[in-house]
Structures are given as C-alpha cells and as structure tokens.
Amino acid sequence: MSLLLGVDCGLTAVKVVLFNESGYEVGMGSALNVHRSPAPHQVEQDPDELWNRCAQAIRAALNDAGGGEVVAVGLSGFGDGVFLLDRACRPVRPAILSLDSRAQELVDRWNNSGLSDELHKITGQRPFPGYTLSVLAWLKENEPEALSRARWVLWGKDWLRYRLTGELATDPTERSSGFAEVRTGSYPREAAALCGLEEVEEKLPPVAGCAEVAGEVTPEAAESTGLAAGTPVVTGCHDIDASAIGTGCIEPGPVAVIAGTWCNNEVVSEEVVPGERWICRRFVLPGRWLNVSGSPASATNLEWFVRRMCPAEVERARKEGRSPYDFVSSEVSSVMDADSTVFYHPFLYGSPYGSAASGAFFGLRGWHTRAHLLRAVLEGITFNHRYHVEALAEAFETASIRLTGGGARSPLWSQMFADVLSRPVEVTAAGETGALGAALLAGIGAGLYSSLEEAVGRAVRVVRTHEPEPAGRERLARAYKTYTALAGAIEPLWPCLEGEV
C-alpha cells in the first residue's frame, strides 16, 4: 500500500499522519511542542527540541500504521516568526514564534510613522509583532550580533525539512511573510530597505514550488524517524495554506475557518484584494492569493483553561489514554438552554483590538459553575472568529464555511459555529487537515495526482453539515452584541491592566 506522510508542525503540537491515496488516515503520531517565555511578551522554541519531537511523532505514526510504503513526505508549519541558522546550519538562538509580541513597540513606531502603510502596499499585509520583518528588525536593534551571525533565515517547517533532507529551501507561501511583493512574488527590496533590513536578502533560502521535491530523507534522518533513506520530501507550505487544501477550499468562495492556536479565517481570490482587516498572501497555486483575517485568540484558550483549571480531568485522561477535552462538550451542554450570562474575551496572546487587550471573564456570579465558564470560553473563541469572518465578507463572496481545528472535533462546538456565523458549517473527514494538505502536495510531487484539483477531489470529503438553528442563532446574536460591547467599553482600560498608564 502506497502511503503519503503529512507533517503539520503547529504551535501547540507536531502532528504526523499517514494517508492513503484516497485521503483516509492509516497512522498517526503527535508530540506537544514546548514554548518558553524568557521574559514577558516573549515566546520562543528550541529548534533542536522541535526536530526531536517531530522525529518522535513520525516514528509513532509509522508504528501506528503497522506497514506500507511511504512514497513521499510533505510538510506544513506555523509561519511568521523566525529561525536563524549560522554557516554550519546550526541555530544561532532559540526560534522566535508568531505568538511573540516583543516587537510591539517597534510596530507601533512603524504605524505612527506611516511605514506600515508602505509595507501594506508592497507586501499585502500590515506588520504585527510576530511578523517576520518585525522580528528581524527587533533583532537588529536589540540583538545585532545574532542577526549578524545568521547565514540563513528560515521558518519552522523549513527547519524540519532541512533536518530531514540536509537541503535548504522555502516556498512561495512562506516567502510571503514579508519577503515577496504581493502581486509579482518578487523580492521586495523596497520593503526590506524601509525596515533597514537590506542584508537579509542574501540570508534567504532558495524558493521551490510547494509540490516540488526539495530533497530526500538522509540516512541520519532515517535513523531518527524510521523513514526509509531516499524517500522524497516536497517543499510544502505554510500551515494556513495546508489547511485550506485539506478542507478543499482552493477556489474562491468557501471560507476555511481554522480554530487552532491562531484564529485564522481565510478565502482564496484570483486577484489581489488589499484590506485593513486581513492579510493578502500568495497561495499555493500560481495566480491565486489567500486572504486571511485572524488573531492569536482561538482554541489555545480552551487548552489553557483545561490544563490550568481542570488538572484532575487532565490527569484522569492521561491515565486512561484519552483526550483531556473529552468532558468539555457534555459539561457545556448542561448549561446551553438559557441565554449567555458569562462572557469571555479570548485574548491571552493577542486580539484584533490591539496589543493591550487581555483575556477576561465577565458577569460571574456565585451560582455559576465551571460549565458556565467553559461555555463562555467556547463562545468567546467563536465570537472572535465571527469578527474576522465578517471582515472577509465585506470584500469577498463567502459561500460555505469549512471548519477545522479544535472546533471541528466537537459536534456541539461545530453547531455553535453555525449559529454564531449564521450559515452552514461543513466538517470534512480528515481530523488533521493541515497534515492532509501537506500529504496531498507530497502526492503531487510523487506523481500520484496530476494536480491539486485532482488531489482534493479524490481525498477531501464532507462528513458533517451543521445548519444554523433559529433559537441558537438568536440567542448567540444577543450574546455577541454584549461581547463586542464589553470589548468597546473596556478598551480604554486595557493599558492600565498592563501598567502602561
């Protein structure tokens, strides 16, 4: 049996899935990623530790499959941030991730000076703290020796591919993290000069097509992962593009809603459509762009709540070998009949309201239970997705919603998305759509599919559709109005909570 291996390196975990040609999962492995915060607003990761966890997850997936020939490997991964390597291709320092906000003051300067406006015109996106250009500019100001020592500027999945193959490369979707003119894909020297980063051009790896074979598994990587030496590895893509592929959203119209660490909501277009509330980046397919409205405020909030507030359930799940989130839906369903009375802002790591926003519960009373708080967390995450989906709907024809990530695994939460977004929500068969998207690119590189359209047609299928329910839609519309009113009311006070005023 010919198998395709998809590696999806997310901010929370590395997920590795083996698929057959029809897109059915036959083996899976995963490993949690470990972030470190050496100082407030800083979120880093040890690149070597990331590789070790990836290798562990690959070996687990192969063991889970129990056999079959892996004909090709594809990778997707969290974008933005930066991995710096020296001339020996060793990490210069810990990787800085997109959740990092140390560059906020620098971005504020760019916003106030008009530089952000110029970058938006060139690259199709406004800088944010975890944006690669922002991080590199911060490093030049604060750790110039690190940037000087760096021979290569990479992104997460490119580091993993280097460890698999010994070859350095990136792809058009990652290069769009500030290092591609949005319309032509060429290197934007003007943008680099505006940021004072002229020296970075020579540090970028060569660009290869997302489905192009970029190398083969080395004997050393084979020993670490269990893959056969010589297995082809394609270039791959940014994980938001891989999730669009894995949900079948490769044409204009369908909206891919990704409830992961980031709240990402995306729609493909056949032309560049600049906007203030979304970024426009080059898509996997030539002549198409991926328009993404999002913020780092989605399912990671549920992970935080469960792991910090529900240690007994987490430990019980560990001993029984099941998900620590299994109890959430049943607990929330017990308090779903009435109007929302507890509200939650899911802004632990960022928000669409600016850098000062923080997470908070509102409306708590002595008779509320943990179930009410969990419901508020789910609703707050879903409301944040609505904010971004509405931004896209202002400029694009948005048809059906394809939901993936944490929200898609729970029928109760999927229905909540349908009611909050007031449109049908479709869930596809693959539990890990980012890994499927990466695997389908590998299949194209291996010659199993003639095109991305064929790959999606053969491997992506809808298994569940949630229609909006009138009562739920009305109830959650009222709750969303309160949620946004609370954000508007507390916005002047957010800086005070950080001691900035």
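The shown structure was predicted, so the numbers you read here are calculated from the model rather than taken from an experiment.
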*When you look at Phe417 and His466, which way does the ring-ring contact (aromatic ring centres under 6.0 Å, His included) test go after all the steps?*
CA-CA 9 Å; Phe417 269 93; His466 297 264; over 10 Å; no
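- Aromatic ring centres of Phe128 and Trp262: separated by under 6.0 Å.
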*Can Thr300 and Thr261 be said to form a side-chain hydrogen bond (donor to acceptor under 3.5 Å, both in side chains), step by step?*
CA-CA 5 Å; Thr300 192; Thr261 304; 5.0 Å; no
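- In terms of modelled atom types and a separation under 3.5 Å, the side chain of Arg282 and the main chain of Arg183 share a donor-acceptor contact.
- Cation-pi check for Arg375 over Tyr344 is not met; the charged atom does not lie both under 6.0 angstrom from the ring centroid and within 45 degrees of its normal.
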_Stepwise salt bridge (Lys or Arg N to Asp or Glu O under 4.0 Å) test for Arg288 and Glu251_ = CA-CA 9 Å; Arg288 291 185 188 171; Glu251 304 280 350; 3.3 Å; yes
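- Between Ser224 and Arg163 the shortest side-chain heavy-atom distance does not fall below 4.5 Å.
- Under 4.0 Å is where a charged nitrogen must lie from a carboxylate oxygen, and between Arg409 and Glu432 at least one such pair does.
- Nearest heavy-atom pair across Ala459 and Leu436 is O-CD2, 4.1 Å.
- Two rings, from Phe396 and Trp278, have their centers less than 6.0 Å apart.
- In this structure, Glu320 CD and Arg322 CZ are separated by 4.5 Å, a value rounded to the nearest 0.5 Å.
- The shortest non-hydrogen separation linking Ser101 to Pro129 is CA-CB, 3.5 Å.
- By the 6.0 Å contact criterion, CD on Glu223 is open, its count of non-hydrogen atoms from other residues, nucleotides or ligands being 12 or less.
- When every heavy atom of Ala31 is checked against every heavy atom of Ala57, the shortest pair comes out as N-CB, 4.1 Å.
- Atom OH of Tyr349 has 12 or fewer heavy atoms from other residues, nucleotides or ligands within 6.0 Å.
- Residue Glu271 qualifies as open at atom CD: its count of foreign heavy atoms under 6.0 Å is 12 or below.
- Note: Cys210 SG to Leu441 CG = 6.0 Å, rounded to the nearest 0.5 Å.
- Remark: the Thr173 side chain and the His238 side chain contain no N/O donor-acceptor pair separated by less than 3.5 Å.
- Using a distance-only test at 3.5 Å, with no hydrogens or angles considered, a donor-acceptor pair links the side chain of Asn63 to the main chain of Arg59.
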*For salt bridge (Lys or Arg N to Asp or Glu O under 4.0 Å), just list the numbers for Glu49 and Arg36, CA-CA rounded to whole Å, side-chain angles, deciding distance to a tenth of an Å, and then say yes or no.*
CA-CA 12 Å; Glu49 186 172 39; Arg36 294 180 175 83; 3.0 Å; yes
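- With contacts defined as side-chain heavy-atom distances shorter than 4.5 Å, the pair Leu452/Ile245 qualifies.
- The backbone N or O of Ala208 sits nowhere less than 3.5 Å from a side-chain atom of Asp171 that would complete a donor-acceptor pair.
- A donor-acceptor contact shorter than 3.5 Å is absent between the side chain of Glu216 and the backbone of Val233.
- Asn301 places none of its side-chain heavy atoms less than 4.5 Å from the side chain of Phe347.
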_Criterion side-chain hydrogen bond (donor to acceptor under 3.5 Å, both in side chains) on Asn265 and Ser293, from CA distance to verdict_ = CA-CA 5 Å; Asn265 311 271; Ser293 183; 5.5 Å; no
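- A salt bridge links Arg370 to Glu313: at least one charged side-chain nitrogen sits closer than 4.0 Å to a carboxylate oxygen.
- Remark: Arg90 engages Asp48 in a salt bridge (Lys or Arg N to Asp or Glu O under 4.0 Å) (not counting sequence neighbours).
- Between Arg473 and Glu469 no salt bridge is recorded (no basic side-chain N to carboxylate O distance below 4.0 Å).
- Heavy atoms from other residues, nucleotides or ligands lying under 6.0 Å from CD of Glu394 number more than 12.
- Side chain of Asp419 to main chain of Pro470: no donor-acceptor pair is present (N/O by atom type, distance under 3.5 Å, no hydrogens or angles).
- Side chain to side chain, Ser76 and Asp8 meet the donor-acceptor criterion of an N or O pair below 3.5 Å.
- In this structure, the side chains of Arg464 and Gln415 stay at 4.5 Å or more apart for every pair of heavy atoms.
- Note that Arg316 lies outside the cation-pi zone of Phe327, set by a 6.0 Å cut-off to the ring centre and a 45° limit from the axis.
- You'll find the side chain of Val82 reaches within 4.5 Å of the side chain of Val153, heavy atoms only.
- Heavy atoms from other residues, nucleotides or ligands lying under 6.0 Å from CD of Glu454 number more than 12.
- When the salt bridge (Lys or Arg N to Asp or Glu O under 4.0 Å) test is applied to Arg475, no partner is found at least two apart in sequence or on another chain.
- Donor-acceptor pairing under 3.5 Å is recorded for the side chains of Arg281 and Gln125.
- Ring-centre distance between Tyr483 and His345: below the 6.0 Å cut-off.
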_Verdict with reasoning, Arg402 to Glu426, per salt bridge (Lys or Arg N to Asp or Glu O under 4.0 Å)_ = CA-CA 5 Å; Arg402 291 278 178 94; Glu426 299 174 337; 2.5 Å; yes
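- No donor-acceptor contact under 3.5 angstrom links the side chains of His385 and Thr382, judged on distance only.
- Between the side chain of Trp289 and the backbone N or O of Gly124, no donor-acceptor pair lies under 3.5 Å.
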*Go through the steps to decide whether Glu167 and Arg161 satisfy the test salt bridge (Lys or Arg N to Asp or Glu O under 4.0 Å), and finish with yes or no.*
CA-CA 7 Å; Glu167 301 290 341; Arg161 189 185 343 89; over 6 Å; no
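- With Ser323 contributing its side chain and Tyr325 its backbone, the two residues share a donor-acceptor pair below 3.5 Å.
- Note that CG of Leu11 and NE2 of His35 are 5.0 Å apart. Values are rounded to the nearest 0.5 Å.
- Taking the side chain as every heavy atom from C-beta outward, Glu174 and Asp158 approach each other to under 4.5 Å.
- Rounded to the nearest 0.5 angstrom, Asp80 CG and Ile240 CD1 are separated by 7.5 Å.
- Looking at Arg175, its side chain never comes within 3.5 Å of a backbone N or O of Ser186 through a donor-acceptor pair.
- Panel note: side chain Gln56, backbone Arg53; no donor-acceptor pair is recorded below 3.5 Å.
- One finds the OH atom of Tyr131 at 4.5 Å from the CG atom of Leu133 (value rounded to the nearest 0.5 Å).
- Rounding to the nearest 0.5 Å gives a distance of 5.5 Å between OG1 of Thr132 and CH2 of Trp155.
- Looking at His388 and Ser295, their side chains come closer than 4.5 Å, going by heavy atoms from C-beta outward.
- Between the side chains of Arg423 and Ser400, no donor-acceptor pair of N or O atoms lies under 3.5 Å.
- The main-chain N or O of Met28 is found under 3.5 Å from a side-chain atom of Asp64 such that the two form a donor-acceptor pair.
- For Thr433 and Thr247, the side-chain atoms include no donor-acceptor pair closer than 3.5 Å.
- Side-chain contact between Val332 and Leu378: present, with at least one pair of heavy atoms (C-beta onward) separated by less than 4.5 Å.
- Using modelled atom types and a 3.5 Å distance limit, the side chains of Glu44 and Ser37 yield no donor-acceptor pair.
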